[in-house]
Amino acid sequence: MPPPCRDNGPVHRSKERPVDRSITPSPSPPVSPPPGTSHGSSDFLQLNVGDAPVGGRADWLAQELRRAVADGRLPVGSRLPATRTLAADLHVSRGVVTEAYRRLTEDGQLAGRGRSGTIVVAAPVSAAPVTAAPTTMGTTPVDHQSLDHHHQPPRTPHPPTPFAAPPGPEIFDELRTAPARVDLAPGLLDLAAFPRAAWLRAERAVLTDLPSAGFGYGDPRGTPALRRAVANWLARNRGIRADPDEVLIVAGTAQALGLIADVLHRDGVPEIAVEDPGSLGARQHLRYWRMATPPIPVDDDGIRVDALRASGARAVLVTPAHQFPTGVVLGGARRRELMRWAADGGLIVEDDYDAEHRYDRAPVRALRSLLPEQVCYAGSVSKLLAPALRVGWLLPPPKYREALTDAKRFADLGNAALPQLVLARLMESGELERLLRLLRRRHRRRRDAMIAAVRAHLPGARVHGAAAGLHLTVTFGPEGYRGSDTDLAAAALTHGVKVHPLSWHAQRPSPPGLVLGYAARTPDEITQGVAVIGEVLRSG
């Protein structure tokens, strides 16, 4: 994985993985050991460099640090010794310590905090092996620490929550709080990569320049600075030409869907067709706002426009750049067919939720760039910076621009202005592009680790949507797995691994599968998690 951005990065950076400084020349030579000693040691974690293999000191030190974070000797918030100090204690080159710190920083476990030093920011998860096979895929949570090879885990006929019943409105809250050693749920991103230092610099600059009037009520459409920055961002990154006055700032895609549903319902549109499989969360939001969600099948070219026409729906929600959850891209012929459907009076709601994250293919232009009169475009920073910011944007078609602005006004009088102004500075300064380049490199490595783990531990599983995004989907053929994917997800959670069953995101019958997120986990954690799923499959 690549080094983090300079705002919370390690002490040392390099595009390529540095070689172990213990066997190559270093600008900082090792400190000579005291007379009568052959190896250095440190009170810190009782480290003894004599335990390190020849030529593998950086590997050894990184592993010792990982073990200490995992077992609680280095809890989150702990400060590590300065690299010079620890190198002197161990009588090794400073490069050995710098390299070990760098590896854990790339894993998301450490972060540089300037004068505060290098801090533990996240504890790794380590999946315990599946020690016994349950009689059914659903079992109660097991304390793996108390198990040995001679004891069977307790068995019950019902899967644990949140898989005990069909998913309701609270399902994502339940899953989010369910304990797990390895969280591979989709929709998560590496929150440790948030550019804290850049955000603080931008915030200080905003507060320094902001006149007193800027603390009052503002335009419900959003601050002019952020609407201008979003228009520029979309032009650079998504091929969309839009005037800042066309941009409506909202509290994430969730609010965007609520505003759209409310306005369409008032206009006599009682339903928004959705992709099937498609996002359970999006479907829940639309239904909350009294919209029916007729399912339209998705194939290898995206949404089936012939089925959309047959449904009679006047509006459709699509994820054309990276369909959720299958990951397919809306094909060229299918795009033209969908635009012809829209030209006949249909409305396309384009959810561009993670289009910036792509690895092995060229960028795909947004539908909004091709048909602005019939596309309501939605995007956000939730998959780029952090969901906690609650900042997104809408580009409504002219027909609904005024109505959506009114809906936003009466919903909350507009988003908080200060975060908008800070985000605008990050966008216009190039910080967001720099972060995106970092994340693409990091996510590619994690994606590759997940694909390798699936090949090694889930033979026969088919991988979908790996060329872009923050997740991939695996499906199982008749010979691979014939059971319920909900029971499979329940059993995985019992053994400490959190995933989504594909059936959660489908309204019609579908083959069993799992939706697996990789952006928030290290390659080691990803490998461990997929290995546990493989053990569960074999034991079932």
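The basis for the numbers below is simple: all heavy atoms, side chains too, and nothing from hydrogens, waters or symmetry mates.
- The closest donor-acceptor contact from the side chain of Arg390 to the backbone of Pro387 lies under 3.5 Å.
- A 4.5 Å side-chain heavy-atom check between Leu394 and Ile260 finds at least one atom pair inside the cut-off.
- Taking 4.5 Å as the limit, some side-chain heavy atom of Val381 sits within range of a side-chain heavy atom of Trp393.
- Residues Val515 and Pro325 come closest through the heavy atom pair CG2-CB, 4.0 Å.
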Next item on the list: Check the pair Asp352, Leu367 against side-chain contact (heavy atoms from CB on, under 4.5 Å), reporting the backbone distance first and the verdict last.
Entry: CA-CA 9 Å; Asp352 209 24; Leu367 294 177; over 6 Å; no
Next item on the list: Give the intermediate values and the outcome of side-chain contact (heavy atoms from CB on, under 4.5 Å) for residues Arg73 and Leu45.
Entry: CA-CA 8 Å; Arg73 286 177 291 156; Leu45 302 179; 4.3 Å; yes
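- Taking the charged nitrogens against the carboxylate oxygens, Asp360 and Arg447 do have a contact shorter than 4.0 Å, which makes a salt bridge.
- Remark: side-chain polar atoms of Gln507 are not paired, donor with acceptor, to backbone N or O of Ile296 under 3.5 angstrom.
- Side-chain atoms of Lys498 come within 3.5 Å of backbone atoms of Leu175 as a donor-acceptor pair (strictly under, hydrogens ignored).
- Between Val316 and Trp341 the shortest side-chain heavy-atom distance falls below 4.5 Å.
- Using a distance-only test at 3.5 Å, with no hydrogens or angles considered, a donor-acceptor pair links the side chain of Gln284 to the main chain of Gly168.
- A salt bridge links Arg176 to Asp173: one of the charged nitrogens lies within less than 4.0 Å of a carboxylate oxygen.
- Contact of the Leu264 side chain with the Trp289 side chain is not registered, since no non-hydrogen atoms from C-beta on lie closer than 4.5 Å.
- Arg335 places a side-chain N or O within donor-acceptor distance of the main-chain N or O of Leu330, the cut-off being under 3.5 Å.
- Classification of Glu433 and Arg236 as a salt-bridged pair holds, one side-chain N sitting under 4.0 Å from a carboxylate O.
- Closest approach of Ile526 and Ala449 over heavy atoms only: CG2-C, 4.2 Å.
- With rounding to the nearest 0.5 Å, the separation of CH2 in Trp233 from CG in Leu436 is 5.5 Å.
- When side chains are defined from C-beta on, Leu65 does not count as touching Trp60, because their heavy atoms never get closer than 4.5 Å.
- For Arg334 (side chain) and Gly302 (main-chain N/O), a donor-acceptor pair under 3.5 Å exists by modelled atom type.
- At least one side-chain heavy atom of Leu286 sits under 4.5 Å from a side-chain heavy atom of Val274.
- Side chain of Glu275 to backbone of Pro295: no donor-acceptor contact under 3.5 angstrom is found.
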Next item on the list: Please assess Thr319 against Tyr353 for the test side-chain contact (heavy atoms from CB on, under 4.5 Å), listing each intermediate value before the final yes or no.
Entry: CA-CA 8 Å; Thr319 50; Tyr353 68 103; 3.9 Å; yes
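- Taking each heavy atom of Leu104 and Ala62 in turn, the nearest pair found is CD1-O, 3.6 Å.
- Between the side chain of Arg440 and the backbone N or O of Tyr359, no donor-acceptor pair lies under 3.5 Å.
- When each of His322, Lys383, His471 is tested with Asp354 by the rule side chain to side chain donor-acceptor pair (under 3.5 Å), just one qualifies, namely His322.
- The two atoms that bring Pro512 and Gly483 nearest to each other are CB-O, 3.7 Å, heavy atoms only.
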Next item on the list: List the steps and the verdict of ring pair (Phe, Tyr, Trp, His ring centres under 6.0 Å) for His500 and Phe172.
Entry: CA-CA 10 Å; His500 281 197; Phe172 295 110; 5.8 Å; yes
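- Using modelled atom types and a 3.5 Å distance limit, the side chains of Arg446 and Thr522 yield no donor-acceptor pair.
- The shortest distance between side-chain heavy atoms of Asp59 and Pro53 does not fall below 4.5 Å.
- Around atom CZ of Arg455, no more than 12 heavy atoms belonging to other residues, nucleotides or ligands sit under 6.0 Å away.
- Between the side chain of Thr527 and the main chain of Pro523, a donor-acceptor pair closer than 3.5 Å is present.
- A salt bridge does not link Glu106 with Arg103: none of the charged nitrogens is closer than 4.0 Å to a carboxylate oxygen.
- Between Asp183 and Arg521, none of the side-chain N atoms (NZ, or NE/NH1/NH2) sits under 4.0 Å from a carboxylate O, so this pair counts as no salt bridge.
- Looking at Asp276, its side chain does come within 3.5 Å of a backbone N or O of Arg508 through a donor-acceptor pair.
- A salt bridge is absent between Arg340 and Glu337; no separation between the charged side-chain nitrogens and carboxylate oxygens falls under 4.0 Å.
- One side chain, Thr475 or His464, offers a donor N or O that lies under 3.5 Å from an acceptor on the other.
- Closest non-hydrogen pair, Leu514 versus Pro501, comes out as CD2-CA, 4.2 Å.
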